[in-house]
Q: 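Provided herewith is a single structure, encoded as structure tokens, for subsequent inquiry.
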Amino acid sequence: MAALKRNIWTLYFLVVTVGLLLLLVSLYQRWDEMRSDETAYQLARAELISQSVHSLFRTQELVLDVVGRELLNRGDALTGRQETPLLDSILSVNPALVGFGLARPDGQLVRISTNMDTSRLPNLLENPSTADGFRQALASEAMVVGRTYYMGALGEWLIPIRKALRANDGTVVAVMTAGLRLGASGSVLSEDLHDGPDDSVILFREVDKYVQFLSREGADPERYSAEKVDPDWLVRNSDVEDQIGSSLAALKSNPRAVSLRMTRDSRDYLLAASYDPRFQLWTISETRFAPIYRKFLATLVPYGFGFVLGAWLLYLLFRIIDRAEQERREELLHQARHDELTGLLNRTGLLARLKSRVSNTRPFSLVVINIDNFSGINDRFGLEYGDSALAEFGRRLERLSEKHDDLARLGGDEFAIVTPNTDLASLKLACRGLIDDLTQMFEVGRLRLQVGASVGVARYPDDGDSLSKLIRSAHLALYDAKESRNSVCIYRAEMEAAYLRRLSVEQRLRYGLAAGDLYMVYQPQVDEDGKTVGLEALVRWQDEELGFVSPAEFVEVAEKSGLMLPLGNFVLDTCLAEFRKLLDQRPESLDLAINISVIQFCQPDFVNVVLDALKTHGVAPESLVLEITETLFMGNLEQGLQTICKLREHGIRLAMDDFGTGYSSLSLLRQLPLDELKIDKSFVDDLVADKKAANMIRSIVAIAQSHNMSLIAEGVEEQEQALALINMGCLRFQGYYFSRPLPMADILQWLTRNAASGEAPATIGHP
């Protein structure tokens with residue numbers, strides 16, 4: 001039940017997790033889309049502005065070259081300082097230019113436009129604001145863009161542009177200079193290029209990293225003209241070259257802009273950079289990530305709200321399902337413990353009540369009632385009338401029983417009453433009256449029926465100090481009562497001849513355990529290649545008086561007589577001691593499988609007993625496989641599960657023996673952490689001839705594979721069985737086809753013979 005509840009909420013969390021992952025993927029895609037759009041915008045703007053600036057400067061370069069040579073052609077251009085009307089006419093048609101001048105190589109202006117204050121004209125080679133740019137112009141073939149500065153002669157901020165005029169031999173004859181007006185109408189530098197407070201466009205010189213132009217809120221030439229860009233602006237972040245996918249040198253030669261992500265003043269920026277190698281000018285278009293984050297947050301909020309709302313609605317749905325399942329589980333639990341036909345407790349429910357009464361340590365009696373010759377009703381009138389008769393019989397029992405009694409239908413035509421009354425005379429009198437009442441005529445449809453009943457009584461703890469003994473005693477009394485028909489019999493020890501045999505077996509077993517008459521044999525377990533991979537330990541008993549006693553007989557006696565613990569300890573100690581000797585002589589990797597009874601397994605110190613035995617005999621826990629049956633868990637599943645987990649923590653493996661023969665194996669597999677399943681011999685016997693048996697084995701193989709458990713088939717006696725099992729996926733076997741159970745001395749010879757021949761006495765392919 002707890003597993004079912006865990007499963008549905010596990011499914012809920014799985015659905016929510018998958019939904020969250022899908023949400024994160026969707027948000028990531030949305031974020032990537034926003035970032036890609038912004039990156040594309042910045043790249044486009046950087047390239048557009050870079051191209052526009054390049055075109056502007058290239059045009060002005062041609063103007064400087066043409067005008068300068070025109071002045072030189074006049075012959076006296078380099079003598080004296082004169083205002084030249086030609087230059088004024090050029091300014092009138094080119095509003096981007098703020099002033100013209102022709103300077104000698106020594107920096108002295110000799111020709112100027114009339115809008116300049118001649119008294120404030122500096123020597124371009126001596127003025128600190130113009131000297132560096134002038135020297136660059138003298139050394140450059142192309143026009144040189146100087147540092148932005150305020151020219152007092154014109155009273156304006158401008159970008160100086162200078163073009164060296166050379167003679168045929170390359171000697172600089174003069175330098176044509178002009179000022180490019182910031183904010184001139186029609187010029188790219190006049191436009192408001194940025195889009196907001198987090199956005200800006202920057203132009204700066206590669207030579208000295210001074211800002212040439214800045215479009216940003218609150219920026220003016222007086223402020224930005226004095227600023228320098230960090231000389232290591234491109235290498236400040238170690239992953240720049242990884243981002244652009246090439247070297248910095250390749251970036252400068254690339255006509256296309258590249259995008260970068262950088263951190264400056266603890267702020268993240270997305271920028272696009274384009275370099276103009278002719279004019280050694282960088283164009284940077286950048287924006288902070290903050291507005292992108294805000295835009296993404298506007299998307300995140302509704303997405304997150306929708307996810308939370310959906311998860312909440314899904315939670316409500318799963319809670320409704322969980323409650324419905326809980327009600328269904330309670331209904332199933334009731335059905336599991338109650339008989340569908342009569343509504344009384346069934347066998348499982350009765351065992352639970354008996355266990356509860358036993359735990360209270362108060363005496364009580366178990367009354368087992370059987371309808372005499374009930375099969376005749378079914379045979380004569382049909383199952384429908386038989387079921388109706390059983391239902392009526394159950395109702396009569398309810399009317400006749402006391403409120404403190406527990407009623408149950410054990411199956412078929414057998415019922416039981418658990419009563420606190422343990423007085424023999426009173427019990428016998430009450431049961432006689434019960435038979436008399438039950439044998440009264442009753443109607444079923446149009447039929448009037450009368451049935452007899454037999455009753456067997458056993459008392460706890462007088463007739464049985466355990467549930468199994470008590471139930472057995474009650475049934476023994478019932479069988480004796482049925483011999484005389486319609487009678488009541490209270491359990492007595494002498495009721496069964498088999499009981500004497502059991503006593504004899506019990507007494508001789510006690511003696512045999514003390515005298516060492518019991519011994520162990522081992523049946524090899526082999527894989528598909530015929531290699532021995534393990535041994536199953538089997539106990540045998542040859543008694544002086546009883547002769548050979550079947551393990552099925554004396555193990556049952558041991559379980560019912562309190563000898564199971566000493567017998568189990570004998571088996572455990574003997575097997576481990578002999579297995580240790582085998583490993584000392586042949587240190588092979590083998591498993592040792594030992595059958596464990598329910599009584600052994602349920603002992604509080606069972607785990608410590610096993611671990612102490614392993615330590616005493618020096619056997620690794622990983623070599624031990626304990627074989628249990630599903631009947632172990634009929635009493636206390638929780639206790640059995642705890643014991644299994646403790647054993648597995650120490651490396652001991654657990655195998656489910658006789659798998660497939662019980663009714664609860666599949667349900668147990670969901671809850672028990674088992675390592676191995678053993679296919680019962682009854683399936684293997686009919687494997688070749690019976691398709692149903694083969695299909696059952698295929699199902700068991702699939703179950704083992706799906707639960708990651710090993711699989712071994714018992715009772716393989718023919719080669720065809722082994723081959724069929726291999727084809728089905730079962731690769732480990734034991735049975736007479738390979739070897740009978742052998743004493744450990746013969747096992748050693750058997751292993752030695754296998755090693756010498758390289759194959760088992762009967763391999764899969766060669767018997």
Q: Tell me, do Glu714 and Phe733 make a side-chain contact under 4.5 Å, heavy atoms counted?
A: no
Q: Quick check: does any side chain N or O of Asp517 sit under 3.5 Å from a backbone N or O of Leu513, one acting as donor and the other as acceptor?
A: no
Q: Short question: side chain of Asp527, backbone of Lys531 - any donor-acceptor pair under 3.5 Å?
A: yes
Q: Please examine the side chains of Leu582 and Leu751, heavy atoms only from C-beta on, and report whether any two atoms are closer than 4.5 Å.
A: yes
Q: Tell me, which pairs form a ring pair (Phe, Tyr, Trp, His ring centres under 6.0 Å) where one or both residues lie in residues 548-582, sequence neighbours left out?
A: Trp541-Phe554
Q: Side chains of residues 645-655: which donor-acceptor partners sit under 3.5 Å, not counting sequence neighbours?
A:
residue: Arg648; atom: NE; partner: Pro673; partner atom: O; Å: 2.8
residue: Arg648; atom: NE; partner: Asp675; partner atom: OD1; Å: 3.4
residue: Arg648; atom: NE; partner: Asp675; partner atom: OD2; Å: 3.3
residue: Arg648; atom: NH2; partner: Asp675; partner atom: OD1; Å: 2.9
residue: Arg653; atom: NE; partner: Glu622; partner atom: O; Å: 3.4
residue: Arg653; atom: NH1; partner: Asp591; partner atom: OD2; Å: 3.3
residue: Arg653; atom: NH2; partner: Asp591; partner atom: OD1; Å: 2.6
residue: Arg653; atom: NH2; partner: Asp591; partner atom: OD2; Å: 3.4
residue: Arg653; atom: NH2; partner: Glu622; partner atom: O; Å: 2.7

Q: Please enumerate all residues that pass salt bridge (Lys or Arg N to Asp or Glu O under 4.0 Å) together with Asp584, with sequence neighbours excluded.
A: Arg580
Q: Which heavy atom in Leu590 sits nearest to a heavy atom in Thr532, and how many Å separate them?
A: CD2-O, 3.4 Å
Q: Between Gln734 and Glu536, is the side chain to side chain donor-acceptor pair (under 3.5 Å) condition met? List the steps.
A: CA-CA 9 Å; Gln734 69 181 82; Glu536 182 180 11; 2.4 Å; yes
Q: Show the nearest heavy-atom pair for residues Arg337 and Ala352, with the distance to one decimal.
A: NH1-CB, 3.8 Å
Q: Which heavy atom of Asn595 sits nearest to which heavy atom of Ala537, and what is that distance?
A: ND2-O, 3.8 Å
Q: List the steps and the verdict of salt bridge (charged side-chain N to carboxylate O under 4.0 Å, His left out) for Arg732 and Glu528.
A: CA-CA 6 Å; Arg732 293 182 64 182; Glu528 73 275 21; over 6 Å; no
Q: Over all heavy atoms of both residues, which pair between Ile679 and Ile700 is shortest? Give the atoms and the distance, please.
A: CG1-CG2, 3.9 Å
Q: Glu392: what forms a side chain to side chain donor-acceptor pair (under 3.5 Å) with it, not counting sequence neighbours?
A: Arg395
Q: Aromatic rings Trp9 and Tyr12: how do their planes relate, parallel, tilted or perpendicular, breaks at 30° and 60°?
A: perpendicular
Q: Distance-only, no hydrogens or angles: does the Thr574 side chain make a donor-acceptor pair with backbone N or O of Val571 under 3.5 Å?
A: no
Q: Between Asp680 and Phe683, is there a donor-acceptor pair closer than 3.5 Å when you use the side chain of the first and the backbone of the second?
A: no
Q: Do the non-hydrogen side-chain atoms of Leu742 and Gln523 ever get within less than 4.5 Å of each other?
A: no
Q: Does the side chain of Tyr460 reach to within under 4.5 Å of the side chain of Ser473, using non-hydrogen atoms?
A: no
Q: Would a distance-only check, ignoring hydrogens and angles, find a side-chain to backbone donor-acceptor pair under 3.5 Å from Gln639 to Cys602?
A: yes
Q: Return the set of residues passing side chain to side chain donor-acceptor pair (under 3.5 Å) with Tyr522 (not counting sequence neighbours), or none when no residue passes.
A: Glu578
Q: Would Ile596 and Glu627 satisfy side chain to side chain contact (heavy atoms under 4.5 Å, CB included), going step by step from the backbone distance to the final call?
A: CA-CA 6 Å; Ile596 300 298; Glu627 296 185 2; over 6 Å; no
Q: Taking C-beta and beyond as the side chain, do Asp657 and Ile628 meet within less than 4.5 Å on heavy atoms?
A: no
Q: So do Val505 and Glu553 actually touch side chain to side chain, heavy atoms under 4.5 Å?
A: yes
Q: Grab the two heavy atoms, one from Gly464 and one from Lys469, that are nearest each other, plus how far apart they are.
A: CA-CB, 3.8 Å
Q: Restricting to side chain to side chain donor-acceptor pair (under 3.5 Å), what partner residues turn up for Arg353, sequence neighbours left out?
A: Asp406
Q: Work out which heavy atom in Asn346 is nearest to a heavy atom in Ala408; give both atom names and the distance.
A: O-CB, 4.2 Å
Q: Side chains of Val368 and Val455: closer than 4.5 Å at any heavy-atom pair?
A: no
Q: Whether Glu414 and Arg409 form a salt bridge (side-chain N of Lys/Arg under 4.0 Å from carboxylate O of Asp/Glu) is what I want to check.
A: no
Q: Tell me if a side-chain donor or acceptor on Ser454 pairs with a main-chain N or O of Asn370 at a distance below 3.5 Å.
A: no
Q: I need the Glu330 CD to Glu325 CD distance, nearest 0.5 Å.
A: 12.5 Å
Q: Between Arg328 and Glu331, is there a salt bridge with N-O shorter than 4.0 Å?
A: yes
Q: Measuring only between side-chain heavy atoms, which start at C-beta, is Leu725 closer than 4.5 Å to Asn727?
A: no
Q: For Lys681, check salt bridge (Lys or Arg N to Asp or Glu O under 4.0 Å) against everything at least two apart and list the hits.
A: Asp685, Glu717
Q: List the residues meeting salt bridge (Lys or Arg N to Asp or Glu O under 4.0 Å) with Glu559, not counting sequence neighbours, and say none if there are none.
A: none
Q: Could you tell me which residues satisfy side chain to side chain donor-acceptor pair (under 3.5 Å) with Gln721, sequence neighbours excluded, listed by chain and number?
A: none
Q: List for me each residue that meets side chain to side chain contact (heavy atoms under 4.5 Å, CB included) alongside Ala558, sequence neighbours excluded, and say none if there are none.
A: Leu509, Leu563, Met564, Leu567
Q: Name all residues meeting the salt bridge (Lys or Arg N to Asp or Glu O under 4.0 Å) criterion together with Glu556; count only those two or more places apart in sequence or in a different chain, and write none if there are none.
A: Lys560
Q: If the condition is ring-ring contact (aromatic ring centres under 6.0 Å, His included), which residues does His338 pass it with, not counting sequence neighbours?
A: His334
